[in-house]
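In what follows, a structure is listed as structure tokens, so that the remarks can point back to it.
Every chain is numbered from 1, with letters handed out A, B, ... down the list of sequences. This one's a predicted model, so the numbers in the text were calculated from it and none came from an experiment.
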Amino acid sequence: MSIEITFPDGNKKSFDEPVTGLAIAQGISPGLAKKAAVIEVNGELWDLTRPIDRDATVSIVTRDKPQALEVIRHDAAHVLAQAVQELFPGTQITFGPATEVGFYYDFARELPFTEADLEKIEQKMREIVKRDLPITREVWPHEVAVKHFEQAGERFKAEWIRDGLAPDEELSIYRQGENWLDMCLGPHLPSTGKLGTAFKLTKVSGAYWRGDANNAQLQRIYGVAFATEDELKAYLKMVEEAEKRDHRKLGRALDLFHIQDEAVGQVFWHPKGWTLYRTLENYVRRQLEDAGYDEVKTPLLVDRKLWEASGHWENYRKNMFIAEVDEGEQDGQQRKAVLAVKPMNCPCHVQIFRQGIRSYRELPLRMAEFGACHRYEPSGALHGLMRVRGFVQDDAHIFCTEEQISAETVAFCDLLKRMYKDLGFEEVSVKFSDRPDNRAGDDAIWDRAEGALRKAVEEAGLPYTMNPGEGAFYGPKLEFVLRDAIGRDWQCGTLQVDFMLPERLDAEYVAEDGSRKRPVMLHRAVLGSFERFIGILIENHAGAFPFWLAPLQVVVAPIVSDADDYATEVCERLKRAGVRAETDLRNEKINYKIREHATHKIPVIAVVGRKEAEERTVTLRFRGQEQQQTVKLDAVVEHLHA
RNA sequence: GCCGGGAUAGCUCAGUCGGUAGAGCGACUGAUUCGUAAUCAGUAGGUCGCAGGUUCGAUUCCUGUUCCCGGCACCA
């Protein structure tokens, strides 16, 4: 038997018997063996301890590589599981994958874990790392594994092997030391010591078995793990930074909005927050006008008949706010009107489309609305401005022909990218969500809709990733994800192709040949909701909005009360030029005023003392800049935008 | 909705092993007119989320409830 191993540089080496990655690494250099985490064998990641029994092209993956990080995190999950089972016998293991920054493991246990348990568990994990237990891979027949887990009281593992695995699927068992093992796809590091010390348990929470709310509730423990201590530290710092940017905190600190118990999930916008909101709205409105949209406004309360016709009553009845009104008696019968507070705008837009007879000449018809919608979101979903029950979408529906889908998609993608850029977001990615299990319409329609959307997104020249089964019940969609200043992704924009609603609500137009045809509807939004988008803006800028968005742009602060009149004059001048300015005439020292307005992240503080009043100048102090500029009052407006 | 944690002054938080509470900041009043990130002094402010129960007595213990926080599930 001879096994030929090909290295990344093209060199080949023959072995007489199966050889492990570790042995190969050792053969190259002990240093490499020490740094090695896993080995890539014919494009697949293998354990270093797994004998390579066939000809292969290999590449040793050291622990500083991204692929290794996933293995480190996955190992951390297993060490966590072992630690928990050592500390809390009788706890069942289920699954524990790596995540974007770390790992988690779901356990079945009567008692939930407490924050205090986390410390103990983490210590136990470090102890297991110190023990440096070898991690080895074994392949077991399914029946043997089922029997083993059943005898060990591991119901979830046994169930998974029976129901979750294909009968011919290879079942690998990873042994960690003598007495602990878990079924797992791997790969893993050669021993627990290789995990290192750059990990930390972060939180406990509930989770459902196999992600389904109908299943058993499990106890999940989360952790973060990195290849080096420095990376862990950097991560923890990022978390701290994110906490400082929390829009709920900043919303209060900057007096933008509040939410209270009497209107859960709905926003009370304060003057500053509402100024920000209107500034954003006006910006969007201008963009839509330029892009050929017509703005409309439709009713908040609409009879249930329309929602039954659209299909929403059937699908989302539980999440709709209902208004019932007593309409008095007729023929001895109580009459009641049942209206739904609209959860979305599309059926209303179809009503406008249906007024009169539409011609193909009017298509594409782009109907936009800053549509106030209300959805009874589950209580646990609510989160500041990010998830609310009352919100306004920058919604629009494009009524067009099937042939126009591509061009409209391309135009929309352009508009969206331009707007994101204006709003400070350069990095945008696209996800394509296709037909979900629970859907309306037959497969032929879905084939057409998905095909049209795929063609359109390709024509737009945007790279995209698939998001299988995540489409809306009426059609496939593109989802646009932007990346914020500290690297977090937010899904905001969307474009959805809908062949269904025009049919259900009987929208039609007269085609060139005089026949009646159904238009296609494109549902689209750029921001998604104003509430959420403002939340994202707050966090992205850490409350320090760019000048054009800042609710209060300039504070004019006199140094002595002798300059109050002049300060007022300066402020009036700015206001007349359309600048959002205020004076601060309080009897406080200039230090105090500057500190206060700087903490409120005001873009410009205009300081005026006796000198400025005499010379009719203004001293401008820009946010984040030490140096200041003294300019003529007549020229002050130009200097603001610089 | 589910699991866990929490709710004390406008904000951030301390505290009471059951005897009705305190700090800093903010607010208010007075003094100070001081040129680039906190001037000084004083005053006011709390049904300790809400409703029951136990108790001589509950903000504290128990039950329920509302809301918030971290996840999960959901997100037309």
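Only the P atoms considered, B/G26 is 15 Å distant from B/U12, to the nearest whole Å. Taking the P atoms as reference points, B/U36 lies 36 Å from B/A44, given to the whole Å. With P as the reference atom, B/G42 and B/C25 are 12 Å apart, rounded to whole Å. As rounded to the nearest Å, B/C75 and B/G18 have P atoms that lie 47 Å from one another. When the C1' atom is compared between B/G71 and B/A14, the two are found 28 Å apart, to the nearest whole Å. B/U59 and B/G70: their C1' atoms are spaced 26 Å apart (whole Å). Comparing B/A7 with B/C48, their C1' atoms sit 9 Å apart, to the nearest whole Å. Taking atom P on both nucleotides, B/G5 is separated from B/C40 by 44 Å, rounded to a whole Å.
Residue contacts shown for A/Gln496 are limited to sugar-phosphate atoms, with no base heavy atom under 4.0 Å away. Contacts of A/Asn315 with the nucleic acid, taken as non-hydrogen atoms under 4.0 Å apart, are absent. Heavy atoms of A/Phe113 sit nowhere under 4.0 angstrom from any nucleic acid atom. Within the nucleic acid shown, A/Glu479 has no heavy atom closer than 4.0 Å to any nucleic acid atom. Using a 4.0 Å heavy-atom cutoff across all strands shown, A/Gly311 reaches no nucleic acid atom at all. Contacts of A/Pro343 with the nucleic acid, taken as non-hydrogen atoms under 4.0 Å apart, include base atoms.
Taking 4.0 angstrom as the limit, A/Arg252 places a side-chain polar atom (N or O) nearer than this to OP1 or OP2 of B/U12. OP1 or OP2 of B/G71 sits under 4.0 Å from a side-chain N or O of A/Lys203. Of the side-chain N and O atoms in A/Asn591, one or more sit less than 4.0 angstrom from OP1 or OP2 of B/A37. Taking only side-chain nitrogens and oxygens, A/Lys477 comes nearer than 4.0 Å to OP1 or OP2 of B/A76. Proximity of A/Tyr208 to the phosphate of B/G71: no side-chain N or O atom is located under 4.0 Å from OP1 or OP2. For A/Tyr592 and B/G26, the shortest distance from a side-chain N or O to OP1 or OP2 is below 4.0 Å. Close to B/G70, at under 4.0 Å from its OP1 or OP2, lies no side-chain N or O of A/Ser205. In terms of phosphate contacts, A/His383 brings no side-chain nitrogen or oxygen within less than 4.0 Å of OP1 or OP2 of B/C75. At least one side-chain nitrogen or oxygen of A/Arg248 sits closer than 4.0 Å to the OP1 or OP2 atom of B/G70. Residue A/Arg387 places none of its side-chain N or O atoms closer than 4.0 Å to OP1 or OP2 of B/C69.
Counted by atom type alone, A/Tyr293 and A/Arg524 present one or more donor-acceptor pairs between their side chains at under 3.5 Å. A side-chain donor from one of A/His258 and A/Gln260 sits under 3.5 Å from a side-chain acceptor of the other. Side chains of A/Glu159 and A/Trp209: a donor on one and an acceptor on the other come within 3.5 Å.
No close placement of the A/Phe391 and A/Phe533 rings is indicated, their centers lying 6.0 Å or farther apart.
Between A/Asn319 and A/Tyr376, the one whose closest nucleotide on RNA chain B sits nearer the 5' end is A/Tyr376. Along RNA chain B, the nucleotide nearest to A/Arg586 and the one nearest to A/Ile594 differ in position, and the one closer to the 5' end is contacted by A/Arg586.
B/C13 is paired with B/G22 under the criterion used here, namely a Watson-Crick or G-U wobble arrangement in which both key atom distances are under 3.5 Å. Using Watson-Crick or G-U wobble geometry with both donor-acceptor distances under 3.5 Å, B/G1 finds its partner in B/C72. In this structure, B/A41 and B/U29 make a Watson-Crick or G-U wobble pair, each of the two defining distances being under 3.5 angstrom. Base pairing annotation: B/C67 forms a Watson-Crick or G-U wobble pair with B/G6, both donor-acceptor distances under 3.5 Å.
At distances below 3.5 Å, not a single donor-acceptor pair connects side-chain atoms of A/Lys272 with backbone N or O atoms of A/Leu552.
Considering only the side chain of A/Tyr222, B/G71 comes nearest among B/G35, B/U66, B/G71. For A/Ala598, taking side-chain heavy atoms from C-beta onward, the closest of the listed nucleotides B/A37, B/A73, B/U36 is B/A37. Out of B/U36, B/C74, B/A76, the shortest distance to the side chain of A/Met320 is found at B/A76. Listed nucleotides B/G35, B/A76, B/C74 differ in distance to A/Pro378; the shortest reach to its side chain belongs to B/C74. Comparing atom distances between the A/Lys589 side chain and each of B/A38, B/C34, B/C75 picks out B/C34 as nearest. Across B/A76, B/C3, B/U36, the shortest atom-to-atom separation from the side chain of A/Gln219 is found for B/C3. Taking only side-chain atoms of A/Val560, from C-beta outward, the nucleotide of B/C34, B/A76, B/C68 with the closest atom is B/C34. Closest approach to the A/Ala213 side chain among B/C34, B/A73, B/C72 is made by B/A73 (side chain taken as heavy atoms from C-beta onward). Looking at the side chain of A/Arg621, the nearest of the listed nucleotides B/A37, B/A76, B/C72 is B/A37.
Under a 4.0 Å N-O distance rule, the pair A/Asp246/A/Arg248 qualifies as a salt bridge.
Here A/Tyr316 lies parallel enough and close enough to stack on the base of B/A76, with planes under 30° and ring centres under 5.5 Å apart.
Contact of the A/Gln496 side chain with the A/Pro476 side chain is not registered, since no non-hydrogen atoms from C-beta on lie closer than 4.5 Å.
Between A/His74 and A/His78, the angle of the ring planes goes over 60°, which puts this pair in the perpendicular group of the 30/60° scheme.
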